[in-house]
Amino acid sequence: MKTTREISVISETYKYLPMLSAAIFISAAMVAPVILQNQNHIRTFSLIFSSIVLEAFPMMLLGAAVGGIIESFVSKEHIGRLLPKRYPWLSIFIAAGMGTLFPVCECAIVPVVKRLTGKGLPVGAAVAYLLGGPIVNPVVAMSTALAYRSDYTVVALRLGLGYLIAAGAGLFISRIFMNKSALIVDAYHDERHAGHTSHINIQQSSSGNSNSVPQSIFIAEKMPDLNCTHAGHCCCHDHENTESSVIKKLISSLSHAADDFFSVAHFLVIGAFIAALAQTYIDRKIFLEFSSHLGASSIMMIALAVLLNLCSESDAFIAASFKGLMPPSAQIAFLLTGPMLDLKLLLMYRNLFRKRAIIILSSFILVIIFTISIIIQIITGDHLLL
Amino acid sequence: MKKLSLPYEGWLRTAVLILWTIELLALLNGDKYTSFLRPEFGIMLGAGVLFLSGFVICGFFHIGSSRPISLNSVIRSLIIILPLVYIHNTDSAGLDRFAFSNRSTGLPVVSTGNQADSPDQTAPDPEYAYNSNSGECRPTEENTEENRDKTGDKELTIKDLYENPDKYAGEKVTVIGMVASDKELEEEFGESARFLFRFVITCCAADATPLSIVMPDSSRFKAEDDEWVSATGTFEIITRQQESIPMLKETVIKEIKTPSSPYLY
């Protein structure tokens, strides 16, 4: 039987295990391309990994910049005025189609949605825009039409079904998380407000009132221990109320944008790394082995979409390359899955949603897409219009 | 006892941003980024440089107000700069046979019949890709100075053959690509059969799709896998199991340097 001391040693070891694993992984990942640079597969992996990151980075920077602008220039009242009050569920259906006006790729959308939820956008509408924005937009419509040689049935199916899935997911999540929060942003804001309260308590304590917060945690000149880098003041309230200068707001938005970048960038890199491994080492012919089985082809194409981490503007060409090899229902499943759920998105969602919400949302998306593709395959067989 | 003061996390973050800014600038210099991305993405990388510069400047002003450095922030920063190691490790040759064999889904297939009614008028004429009299690649009378694009002579590519197979069927053409051997190909067409392939990308190398033509008789030339060659031969389309397979017959091969842009777009 372990003693208390042994138990505490073991628990301390487990506490540092993730960091130790991360350190070992990073060291190996940095050394491998230098030592093994003559190997074909390492060269291919390097190229694909670098490509995914280089394509996504500017988009993510753009998303972070937009998120920073939202944080500094858009108030909760602004968002509140835009949302329909009589039928709150209508905001979900509007948000799912907002990509037509504000097209954005999946790399950029996470920091934007994070800031919007901080400004009071309901979680259902946030989910709807998160899923619908990268797929229901004119750029994706054009690239899909081009890939499928102006076969507008595919375009209509992709955009229409994408819209319905996004709206459905928004309704589902808002229903499931009616009393509890799906977002980690709320926890983030709770900590900020706790910090703000503590500031007040410290001020009160200096005048002789009691407070329960140790003074060492908060120093008037420094920030609370959160992702906040503004000098000299707490950042838990809307900036537009305290900073009237446009220049100051712009500087503030840049600072917020940098925070968002650093909170999301490492997830992108990890997701791109895993995707590059899948792209390098998985032979796509394997996916063809199951093309004749009902449902198996859809599962294979959904898995491929999750693993490949392609942007929604280019994945239509990959799907089209499977014409004649995979049934059309499986191609539709691929076209729907990628923009909503791939490896890097799954990791980036960790910056926005609680773990339970990510699991529920991912399961919902996968089950719905699989069901839709089975229905399409049953209704039309393999002889679809594609 | 005075607590050890750790450096601010702001220094680490600013260093990471500076490294990435320098890297993007280096990639934009001389269009090195085209090894990874489509040329048009240079604009996005330029915008990325602007954003990063703004973050760096803003970061300098806020370094003193950031929290002390932590192991978590160090690990996170190392992960963010990890791609820089791989970008430097990559040469400009592009994807090779290894990627080709993983991404190809069997024998190449072209769509025929559709192009007969509406041939692509902008596709290069076969005559000015290859001159059968002189045996050289020379422009025809139509390909005057006014008709040439900014990069010089128009080049017939594997993509043109895929998009307009009926136009080039039966013609002598010259295209460039890489050579690849394949067991399935050898079983179908004989031991000396080889692929001539090139990758088409939409956005980046991650979505690269291989386009290939079968060269059924490589015994007439010596070419190793992954070699860049200029292949001249008669373009034909044969039917196997109700599919149209593009082929280059009586091929003459000439080894060439890796082109400045290994991909087609």
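Lettering of chains follows the sequences in order, A, B, ..., and the numbering in each one begins at 1.
Interface remark: B:Val74 contributes no atoms to any contact with chain A (heavy atom separation under 4.5 Å). A:Leu310 touches chain B through its side chain: at least one heavy atom from C-beta onward sits under 4.5 Å away, while N, CA, C and O do not. Neither the backbone nor the side chain of B:Ala47 comes within contact range of chain A; no heavy atom of the residue lies under 4.5 Å from a heavy atom of that chain. For A:Ser143, no part lies under 4.5 angstrom from a heavy atom of chain B. Contact annotation for B:Ile87: both backbone and side-chain heavy atoms come within less than 4.5 Å of a heavy atom of chain A.
Among A:Ala276, A:Cys311, A:Ala257, the residue with the largest count of heavy-atom pairs under 4.5 Å with chain B is A:Ala257. The most heavy-atom pairs under 4.5 Å with chain A, out of B:Thr90, B:Thr202, B:Leu17, B:Asn102, come from B:Asn102. Taking chain B as the reference chain and counting heavy-atom pairs below 4.5 Å, the highest number among A:Met59, A:His41, A:Met60 is found for A:His41. With chain A as partner, the option from B:Leu78, B:Leu84, B:Leu82, B:Thr209 having the largest number of non-hydrogen pairs under 4.5 angstrom is B:Leu82. Contact tally against chain A (heavy-atom pairs below 4.5 Å) for B:Val109, B:Leu95, B:Ile57, B:Ile201: the top residue is B:Leu95. Ranking A:Asn309, A:Ile318, A:Leu54 against chain B, the residue ahead of the rest is A:Leu54, based on heavy-atom pairs under 4.5 Å. Top candidate by heavy-atom pairs under 4.5 Å with chain A, chosen from B:Ser104, B:Gly48, B:Ser35, B:Ala99, is B:Ser104.
Within residues 20-28 of chain B, the residues having any heavy atom closer than 4.5 Å to a heavy atom of chain A are B:Trp20, B:Leu24, B:Leu27, listed by residue number. By a heavy-atom distance cut of under 4.5 Å, A:Val269, A:Ile270, A:Phe273 are the residues of residues 267-275 of chain A near chain B, going up by number. Scanning residues 61-69 of chain A against chain B with a 4.5 Å non-hydrogen threshold yields A:Leu61, A:Leu62, A:Ala65, sorted by number.
Environment of CD1 in B:Ile43: sparse, with no more than 12 heavy atoms of neighbouring residues, nucleotides or ligands closer than 6.0 Å. Other residues, nucleotides and ligands contribute over 12 non-hydrogen atoms within 6.0 Å of the CD atom of B:Glu40.
In this structure, B:Met44 CE and A:Glu55 CD are separated by 9.5 Å, a value rounded to the nearest 0.5 Å. Put simply, CZ on B:Arg13 and CZ on A:Phe262 are 5.5 Å apart, with the number rounded to the nearest 0.5 Å. In this structure, A:Asp259 CG and B:Phe55 CZ are separated by 9.5 Å, a value rounded to the nearest 0.5 Å. Distance check, rounded to the nearest 0.5 Å: CG of A:Leu47 to CG of B:Asp96 gives 9.0 Å. Put simply, CE on A:Met30 and OH on B:Tyr86 are 9.0 Å apart, with the number rounded to the nearest 0.5 Å. A distance of 6.5 Å separates SG of B:Cys204 from CD1 of A:Ile52, quoted to the nearest 0.5 Å.
Taking the centre of each ring, B:Phe51 and A:Phe261 stay at or above the 6.0 Å mark.
Counting heavy atoms from C-beta outward, A:Ser255 and B:Cys58 have side chains that approach closer than 4.5 Å. Here the side chains of A:Val53 and B:Phe36 are not in contact, with every heavy-atom distance at 4.5 Å or above. At a threshold of 4.5 Å between non-hydrogen side-chain atoms, the residues B:Asp207 and A:Phe317 do not count as touching.
In terms of heavy atoms, A:Ser51 sits closest to B:Ala206 at CB-N, 4.0 Å. The nearest pair of heavy atoms linking A:His266 to B:Ile80 is N-CG1, 3.9 Å.
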Report all side-chain donor-acceptor pairs from residues 17-29 of chain A shorter than 3.5 Å, counting only partners two or more places apart or in another chain.
unit_1, atom_1, unit_2, atom_2, d
A:Ser21, OG, A:Leu17, O, 2.7
A:Ser27, OG, A:Ala23, O, 2.7

- Would A:Phe49 and B:Val85 satisfy side chain to side chain contact (heavy atoms under 4.5 Å, CB included), going step by step from the backbone distance to the final call? CA-CA 11 Å; A:Phe49 175 49; B:Val85 178; over 6 Å; no
